[in-house]
Each structure stands twice: as structure tokens, then as C-alpha cells.
Protein chains: 2
Amino acid sequence: MSDGDRLHAADSPVLRPPTIYDVARLAGVSHQTVSRLLKGDGGVKPANRERVLSAIEQLGYRPNLTARSLATRRSHRVAVLTQELGQVGPGKVVQGAAEEARLHGFVLDIITLDVGDRSNVEQGIRMVNQQDVAGILALASTDELRAAFDRADFRIPVLMGGEGDEAAGGPPLRVSTVAIPQLVDHLVTLGHRSIVHIAGPKKWVAARNRALAFESALARHGLELARTVHGDWSAASGHAAIASLPASMRFTAVCAANDQMALGAMLALQERGLAVPADVSVTGIDDIPEAAYLVPPLTTVRMNSEEQGHLAFRNLLAQINGDTPSPIMVEGRVIIRRSTAAA
Amino acid sequence: MSDGDRLHAADSPVLRPPTIYDVARLAGVSHQTVSRLLKGDGGVKPANRERVLSAIEQLGYRPNLTARSLATRRSHRVAVLTQELGQVGPGKVVQGAAEEARLHGFVLDIITLDVGDRSNVEQGIRMVNQQDVAGILALASTDELRAAFDRADFRIPVLMGGEGDEAAGGPPLRVSTVAIPQLVDHLVTLGHRSIVHIAGPKKWVAARNRALAFESALARHGLELARTVHGDWSAASGHAAIASLPASMRFTAVCAANDQMALGAMLALQERGLAVPADVSVTGIDDIPEAAYLVPPLTTVRMNSEEQGHLAFRNLLAQINGDTPSPIMVEGRVIIRRSTAAA
DNA sequence: CAACAAAACGTTACCGGTAACAAAAATGTA
DNA sequence: TACATTTTTGTTACCGGTAACGTTTTGTTG
């Protein structure tokens with residue numbers, strides 16, 4: 001009886017999702033015709049096209065991406081290696097990348113790793129290797145990770161950090177430094193000549209890029225940094241950085257490499273009896289959502305991290321598809337608030 | 001641009017990764033023996049075992065998880081639906097879940113969605129359906145999402161929000177409210193009787209749970225909230241919440257449902273000429289890393305969101321494996337800083 | 001030592017798609 | 001109308017694993 005099949009499918013205990021074969025049978029064509037239609041390259045007569053489409057509709061068919069990626073040996077998944085999702089910046093970058101990924105039918109596999117812990121990194125990389133992903137987005141762009149990648153010898157596209165090492169030639173994606181010259185101009189115009197920089201960890205590419213940008217921006221005014229202290233991106237380390245400065249040292253401005261460290265610095269300055277901005281101006285980078293509500297509200301650089309995530313993914317996708325990824329710049333904008341004033 | 005230091009696919013002669021067949025041939029056994037060994041259920045003689053293992057080693061064989069999951073119809077992937085990765089809390093939860101996932105050989109597919117936008121949610125759910133994941137972790141636990149899930153009728157385990165609706169019976173995972181009674185005790189001991197609550201959006205389960213916890217904690221002291229104002233988790237909304245209060249209103253403490261809103265509230269209070277904590281005490285929830293460095297440092301509840309992510313994943317994994325997931329509580333701890341003082 | 005059970009191993013089919021090629025149908029041209 | 005050409009469709013063989021079952025080897029027992 002002709003109902004046999006349908007009945008069987010309907011009350012089979014393990015109601016499996018329909019396949020192209022089911023669709024093909026219902027539409028009275030071969031499975032290949034269905035596959036062709038799905039690929040969209042044409043070559044299917046309108047009449048059959050209609051029947052297949054309606055069969056798909058009727059069965060609620062959805063392609064099984066696992067099978068597809070096994071057959072094509074291409075996956076629609078991208079691994080994201082990241083250190084600190086808890087941080088606002090990285091989190092937003094990932095979010096942007098995830099949105100862009102979804103737009104292109106990709107999924108992100110998040111793998112967090114402790115960039116300092118080598119065995120942890122190796123394990124993460126091994127996982128990536130197994131997962132057959134189409135590409136890798138490494139958002140925690142540190143020297144250790146880069147070294148681990150070199151050892152791993154991936155045969156798939158890798159985008160490091162969404163941020164290239166500016167000291168080592170042209171990066172595919174240049175971010176985080178674009179508005180620093182304007183920030184420095186702002187301070188110099190206010191009369192600041194003695195500026196302390198609280199940088200990120202030396203091993204982070206982004207930290208080096210930012211420090212470099214401050215130096216060269218000051219150089220254009222014939223100035224140089226009064227001092228550079230390294231933190232670890234945290235508010236605590238910003239606090240410690242200021243505390244580590246000799247009491248005798250004179251400076252009128254502190255530029256931190258991110259907002260968290262700026263925040264810690266502000267508290268340390270106040271504890272030292274220095275008012276912000278009356279005695280010392282303070283700036284951050286990132287414009288975290290809280291920056292406008294700090295005391296005082298923080299002058300900073302808005303980074304648009306989400307956009308960075310979008311661009312990073314697009315860039316990687318271009319590599320995956322064999323197109324030449326266009327070098328991209330993320331816009332940065334100086335946001336002047338009340339933490340900066342005349343020297 | 002120099003390709004020199006850029007990592008990318010080596011365009012070598014298609015050199016495909018080794019399969020179990022390659023391993024089997026090299027070891028002089030059938031592919032099934034290799035498969036059996038890999039599964040680890042025994043049934044392989046020591047001699048062959050050695051030969052296969054050494055072949056695996058020699059070829060650098062890694063199982064292709066795509067093929068495996070096609071054959072077994074089980075995947076080792078879990079979809080994570082989340083709203084705001086940029087936020088510290090959600091970011092940390094995801095990070096914790098990702099760590100736990102990796103521990104069990106799972107990978108997380110991150111899908112961010114705008115919980116308010118219905119079509120966006122539907123699209124996200126459709127993606128999940130295609131991706132054949134083993135389970136779903138929905139971290140943005142709102143009513144809309146819950147409704148969308150009900151419509152979607154998943155046939156795989158789903159863990160909503162890592163946080164159950166306490167108003168609607170026993171949740172599998174109870175978080176975020178555990179230390180609120182202690183927080184309220186702290187304030188009442190300081191002599192506060194008139195407390196304003198800045199809650200999260202009404203549609204968020206976590207927001208309701210927290211509001212409920214404040215109310216019942218106060219009730220135990222024979223008190224009730226002077227007023228509840230709803231924000232959207234952002235510092236800006238905390239600021240607006242205080243601004244919306246009539247100038248005539250008297251209160252001695254403000255409890256926000258997260259640290260960001262507490263921060264906004266503090267600034268708004270100061271703008272109103274009220275000193276924190278001299279005139280009004282302020283508390284948050286979450287203990288974001290910056291909380292200790294705000295002006296004044298914020299009294300809050302440390303949530304250990306990462307641990308929450310770990311637990312949520314474990315809970316989901318138990319469901320996937322058909323075990324009964326044990327109900328879990330995340331510890332919370334009141335962190336007393338300088339934003340609270342005697343009324 | 002024969003008879004039989006258990007363990008080890010191999011063969012074949014299948015998961016749900018795509019690729020490559022063969023076959024059939026439709027179209028154009030002499 | 002016949003033939004060459006193009007378009008559409010169908011067949012078969014994979015992708016790299018696992019499942020189910022069949023076969024051989026090994027071990028145990030009477």
C-alpha cells in the first residue's frame with residue numbers, strides 16, 4: 001500500500017528529520033535534483049522546481065550540515081580562540097564576529113584558553129585541529145599564541161587577533177591605534193608635556209601597537225613619554241602602576257591602554273591626593289559602557305569593538321574563499337569627557 | 001603587504017589528513033579494529049593494539065568528528081544562545097561553559113541574538129536546528145526566548161538561562177539570589193529602612209528573581225521596598241532610574257540588580273547633590289572587576305559567573321547523557337566596600 | 001582430542017549529503 | 001525529418017566514520 005512509507009515514517013519511534021531522499025521521493029524526482037536545486041546553480045525546470053520546493057516546505061526539510069560538510073570537506077565553522085570573554089572588549093569583538101558569521105551561514109566555535117599556560121594552549125589547538133573548522137580567529141593576540149600557531153602549522157586560514165603587529169610590517173587589520181594621535185593632540189593642546197603611559201602586557205600585540213602609537217604621536221610634537229608602566233589590562237594593575245611611580249615624580253597626564261586600567265589609575269591618583277582632572281588628566285581606550293558614568297567621566301577612545309569583530313570575520317572569510325582579504329581599518333573616535341583638563 | 005608572517009593554508013598537493021583506513025592499512029588490520037580501539041571498549045589483542053597505536057602515532061591520525069557525528073547521529077556540540085556577550089556577566093558565564101565544554105570534548109557554538117527582535121530569534125533557532133547540536137544553553141533567559149523555544153519544540157535538551165524562574169517552581173539551577181538576604185541584612189543592620197530597588201527588565205527571569213529576593217528578604221525584617229524602578233542592565237538606565245525619582249522622595253539606600261546600574265545610580269545621586277555613602281548607600285550585584293575601583297568602591301554581591309557557566313554546562317551534559325541533572329546552587333558572597341554606610 | 005563457547009577480527013551496509021559522469025529530453029539547425 | 005547540441009535528469013561512487021552481523025581464531029571443558 002502506498003501509505004506504507006509515510007505511515008512508517010510518521011510513527012517511527014525515532015522520528016528522524018527528513019532527508020533529500022524523502023524530499024525527492026515526495027516530489028517524484030531524484031535526490032540529485034533536490035541537491036542541485038538547493039545549491040541554486042539553476043539547471044532545474046520550473047515545473048520540477050516547484051514540486052521540489054513544495055515538498056521541502058511540506059516536509060519541513062532542513063539540510064544536514066554535518067553530512068554536507070563531510071561530503072564537501074568544507075565546514076561552515078570557524079574557531080575563535082580567545083582569552084578573556086569576561087572582558088568587555090573581547091566579548092564585544094566575539095559578538096560582532098558571531099553576528100557576521102551568522103550572516104554568512106557560519107557558526108563560531110568558542111575556545112577559551114589561558115594564553116599563559118602552554119599545555120592549555122596546546123590542548124586548545126589540538127581541539128581545533130579535530131574540529132575541522134574552515135578557519136581560525138585568534139582574538140588573544142600574544143606572542144605565545146603566535147608561537148604555538150607556528151608550531152601547529154595549520155593548513156587553514158588564520159587571522160591573528162584582528163590586529164596586526166605594526167612593528168612587523170603591514171597588518172591585514174589595523175585597529176586600536178587609529179585615534180591615538182588625536183587623543184595626544186587633545187592633551188598637548190591642553191598644555192600637557194609630561195605624560196605617563198600605562199601599557200598592556202608586553203606580549204600582547206595590541207599593547208605594543210598602542211604604546212607605539214602614543215610614542216610616535218608624541219614624537220610629532222617633539223615630545224616623548226615621561227614613563228611607560230606595564231599592566232595586565234585590569235583595573236587593579238592600573239592602580240598598581242600609579243602606586244609604583246616614585247612620589248617625587250611630576251607628570252600632568254596619564255594615558256592608559258584601556259579603560260579599566262585608567263579607572264584603577266584614577267583611584268590611585270586620588271589616594272595620592274591628586275585630583276582628576278585638576279592636578280592630573282587621565283585617558284583610557286575602548287569606551288566601555290561604564291566610562292561615561294565614572295567619577296569623573298572618562299575621556300577615552302571609542303573603539304567599536306563589535307565592528308572590529310565583523311571586519312575580522314569578513315577578512316577571514318575572504319581568506320577562506322580564496323579572495324584577497326582587503327586590509328581594513330576600524331574607526332576610532334576620541335570621546336572627550338571630564339577626566340581631562342588644562343595642565 | 002608581506003605574506004611572510006601571515007599564516008595561511010599551505011597550497012600543497014591536497015595532502016589529506018589520514019583516516020582510519022590509512023591507519024588500518026599501515027597496521028595491517030581492518031578499519032573496524034581501529035574503530036574499536038578508538039572507542040576503547042576493549043576486544044583488541046595487545047599485539048594489534050600496539051601496532052594500531054603506533055600507526056596512529058606515526059601518521060598523526062586524528063578522528064574526523066564530522067564523520068563520526070554523521071555516523072552516530074550524535075554531535076559533541078552545544079549551542080549557546082546569548083544576548084550580550086559584551087556584558088561582563090554573560091561573557092564570564094560563556095567562558096566558564098566553554099572551559100567545561102572543552103573538558104568533556106565538547107565545543108560551543110555561539111549564537112548571539114537580539115532577544116527583543118522576534119525574527120532575529122526565529123532565525124537563530126533555525127540555525128540551531130540545522131547545526132545538529134547535542135543541546136542548547138540559553139543564557140539570555142527572557143520570556144520572549146522562552147516562548148520562542150516553546151514554539152520551536154526542540155527534541156534536544158535545553159537549559160534555560162542557567163537560572164530557573166523562581167516564581168514558577170523549582171529551578172534546576174538557582175543563582176544570583178543566594179546572597180541577597182545577607183546584603184539586605186547588611187543594609188538593615190546599618191539602619192536603612194527606606195530602600196529603592198533598580199531592577200532589570202521585567203521580561204528577564206534573572207531580573208524577576210532578584211527583585212523577588214529583595215522583597216522577601218526585606219519582608220523578613222517587616223519591611224518592603226520603597227520603590228522599584230526598572231532599568232535595562234546598563235549604567236545609563238541606572239542613571240535614568242534615579243533621575244526619574246521625584247525630588248521630594250526620601251530614601252537612604254539604592255540596591256541595583258547589577259553593578260552597571262549601581263554605577264549609573266551613583267553618578268545620578270551625586271548630580272542630585274546626594275553623597276554616597278554619606279547620604280545614600282548604594283549596592284550592586286555581580287562584582288564586576290571594576291567594582292573595587294569605582295568612586296566610591298562598590299558594595300556588591302560576588303556572583304562567580306564563571307562557575308555558573310561550568311555548572312550550567314555540566315547540568316546540560318547530564319541531560320544529554322540521560323542522567324538526572326542534579327540541582328545546583330551557585331555561591332554568592334556579599335562584598336562590603338565603601339558605597340554603604342550607616343543611614 | 002573433539003566439541004563448543006568466547007573473543008578477536010573482518011565484511012558489508014549505512015549516516016545524508018555532493019561530485020562526476022551517463023542517460024534522457026529538449027532545443028536548434030541543416 | 002534527421003542530426004548535432006544543449007539542457008535537464010538520473011546513477012553511481014564517494015566523504016570518514018560506526019553498526020550489525022558473519023567469520024575466524026582462541027580458549028575451555030568433558
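The sequence lines fix the lettering, A, B, ..., with proteins before strands; numbering per chain opens at 1.
Axis orientation changes by 40° from one end of the helix from C:dC1-D:dG30 to C:dA30-D:dT1 to the other, with each end axis drawn from 5 pairs and the value rounded to 10°.
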Quiz item: Tell me, for nucleotides 5-14 of chain D in 5' to 3' order, what letter each nucleotide earns: B for a base near a protein heavy atom under 4.0 Å, S for only sugar-phosphate near one, - for neither?
Solution: ---SBBBB--
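Legend: residues meeting side-chain hydrogen bond (donor to acceptor under 3.5 Å, both in side chains) with B:Glu100, ordered by chain and number and at least two apart, are B:His104, B:Arg314. For B:Phe149, the ring pair (Phe, Tyr, Trp, His ring centres under 6.0 Å) partners two or more places apart in sequence, or in a different chain, are B:Phe154. A search for side-chain hydrogen bond (donor to acceptor under 3.5 Å, both in side chains) contacts involving B:His310 returns B:Glu99, not counting sequence neighbours.
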Quiz item: Are A:Leu65 and A:His76 close enough, and set up right, to give a side-chain contact (heavy atoms from CB on, under 4.5 Å), and what steps lead you there?
Solution: CA-CA 8 Å; A:Leu65 299 191; A:His76 286 85; 5.6 Å; no
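Test B:Ile136, B:Val133, B:Leu159, B:Leu316 against B:Val78 for side-chain contact (heavy atoms from CB on, under 4.5 Å) and you get one pass: B:Leu316.
Within the structure, a side-chain polar atom (N or O) of A:Ser35 is placed less than 4.0 Å from OP1 or OP2 of C:dT18. Distances shown here put every side-chain N or O of B:Lys39 at or beyond 4.0 Å from the OP1 or OP2 atom of D:dG17.
Sorted by first and then second residue, the ring pair (Phe, Tyr, Trp, His ring centres under 6.0 Å) pairs with a member in residues 19-57 of chain B read B:Tyr21-B:His31; sequence neighbours excluded.
Going from atom CG of B:Leu70 over to atom P of C:dG17 covers 9 Å, rounded to whole Å. Atom CD1 in A:Ile20 sits roughly 14 Å away from atom C1' in D:dC15 (whole-Å rounding). Per the geometry, CZ belonging to B:Arg68 stands 18 Å off P belonging to D:dC15, to the nearest Å. In this structure, B:Arg49 atom CZ and C:dC9 atom C1' are separated by 16 Å, rounded to whole Å. One can place NE2 of B:His76 at 14 Å from P of D:dG17, the figure rounded to the nearest angstrom. Rounding to whole angstrom units, CG of residue B:Leu37 and P of C:dG10 are separated by 13 Å. The CZ atom of B:Arg74 sits 12 Å away from the C1' atom of D:dA19 (whole-angstrom rounding).
Of all heavy-atom pairs between B:Ile156 and B:Ala134, the closest is CB-O, 3.9 Å.
Side-chain atoms of B:Arg51 come within 3.5 Å of backbone N or O of B:Ala27 as a donor-acceptor pair.
Using a 4.5 Å heavy-atom threshold, the side chains of B:Arg146 and B:Val205 count as touching.
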